[in-house]
Amino acid sequence: MLQSVYRADARLVWHQETSLGGAELVILPGGFSYGDYLRTGAMAKFSPVMDAVRSHATQGKPVLGICNGFQILCEAGLLPGVLIRNRQLRFICDDVRLRVETTDSPFLGSAKKSQVVSMPIKHGEGNYFADPETLKRLEGEGQVAFRYVDASGQPSPEANPNGSLNNIAGIVSAGRNILGLMPHPEHACENVLGSEGGRVVFDTLMGSR
């Protein structure tokens, strides 16, 4: 779908590969890596391709982790915190409202701060957790990228679908080149799919190519 919307060249990189083939952008997609048998992302972080992803990231190149991709980035230590079981202890598939908290990254430069968009979520372990010191640093240094909000744009308990601390739906790395989020922007790029909210991520990325 992204290829048809943005006319981008994309290549599937198998988890056993050791090279990214000169990719400009790496996307770790959603899904169920290794069946999530141990803990989401805990086994995928050992895949051979992750060494290349780490190298790509340390060079300051963009890495985007969506849903299970976010979980893998946290488990691999490329993003702080961890994703644990949803507060309700069940899988959630729903549309949520998100507020853009920072535009200071290669992913959200085309967005407006405090802009509210809609995207779908589809996860069983999307409850973002971090220790108080990490949470304070994320908030203080503007690393929270998206927050779950209600119709008025406020991060209320009712708007929090999974129990994430501070209603956090996505974060960026200290270097701003890594973004992880639980909602699916790739499933919200056309109104025929229900929303164009995901464009706040991809418009910036594709415009910078």
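All heavy atoms count here, side chains included; hydrogens, waters and symmetry mates do not.
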* Should the pair R97-D150 be classified as a salt bridge under the 4.0 Å nitrogen-to-oxygen rule? -> no
* Measuring from D95:CG to K122:NZ, what's the distance to the nearest 0.5 Å? -> 9.0 Å
* Asked: Would Y128 and N166 count as a side-chain hydrogen bond (donor to acceptor under 3.5 Å, both in side chains) if you check the C-alpha gap in whole Å, the side-chain angles of each, and the deciding distance to 0.1 Å?
  -> CA-CA 9 Å; Y128 182 77; N166 292 16; over 6 Å; no
* **Atom pair CD/NZ of E133 and K136 - distance to nearest 0.5 Å** => 8.5 Å
* Would you call E101 and K113 a salt bridge, using N to O less than 4.0 angstrom? -> no
* **N127 (side chain) donor-acceptor with I84 (main chain) under 3.5 angstrom** => no
* To do: Would you check if V49 and T18 make a side-chain contact, meaning some heavy-atom pair closer than 4.5 Å?
  => no
* CE/M50 to CG/L28 distance, rounded to the nearest 0.5 angstrom? -> 5.5 Å
* **Y148 vs S156, side-chain hydrogen bond (donor to acceptor under 3.5 Å, both in side chains): CA-CA, chis, key distance, verdict** => CA-CA 8 Å; Y148 298 111; S156 64; over 6 Å; no
* Evaluation steps, side-chain contact (heavy atoms from CB on, under 4.5 Å), between F107 and L64 -> CA-CA 8 Å; F107 308 94; L64 172 62; 4.0 Å; yes
* Member of L73, V172, V26 meeting the side-chain contact (heavy atoms from CB on, under 4.5 Å) criterion with I178 -> L73
* Hey, could you give me the CZ/NE2 distance between F32 and H123, rounded to the nearest 0.5 Å? => 11.0 Å
* Before accepting this row, confirm whether a basic side-chain N of the pair E139/R147 lies closer than 4.0 Å to the acidic partner's carboxylate O. => yes
* Asked: Hey, are the side chains of P185 and F202 touching, using non-hydrogen atoms and a 4.5 Å cut-off?
  -> yes
* To do: Please examine the side chains of R11 and V13, heavy atoms only from C-beta on, and report whether any two atoms are closer than 4.5 Å.
  => yes
* To do: Evaluate the side-chain hydrogen bond (donor to acceptor under 3.5 Å, both in side chains) criterion for residues T102 and D104: first the C-alpha distance (whole Å), next the side-chain angles of each, then the deciding distance (0.1 Å), finally the verdict.
  => CA-CA 6 Å; T102 180; D104 181 19; 5.3 Å; no
* V200 versus M119: any side-chain heavy-atom pair under 4.5 Å? -> yes
* Derivation and outcome, side-chain contact (heavy atoms from CB on, under 4.5 Å), residues Q71 and E125 -> CA-CA 9 Å; Q71 295 161 343; E125 298 182 57; 3.9 Å; yes
* To the nearest 0.5 Å, how far apart are CD1 in I72 and CE in M43? -> 11.5 Å
* Please round to the nearest 0.5 Å and tell me the distance separating atom CG of D51 and atom NE2 of H56. => 14.5 Å
* **Residue pair V149, Q154: steps toward the side-chain contact (heavy atoms from CB on, under 4.5 Å) verdict** => CA-CA 5 Å; V149 295; Q154 297 305 308; 5.7 Å; no
* Considering residues, nucleotides and ligands other than F91, do more than 12 of their heavy atoms fall under 6.0 Å from its CZ? -> yes
* Between C74 and L83, does a side-chain contact (heavy atoms from CB on, under 4.5 Å) hold up when you go through it step by step? -> CA-CA 8 Å; C74 288; L83 283 307; 3.8 Å; yes
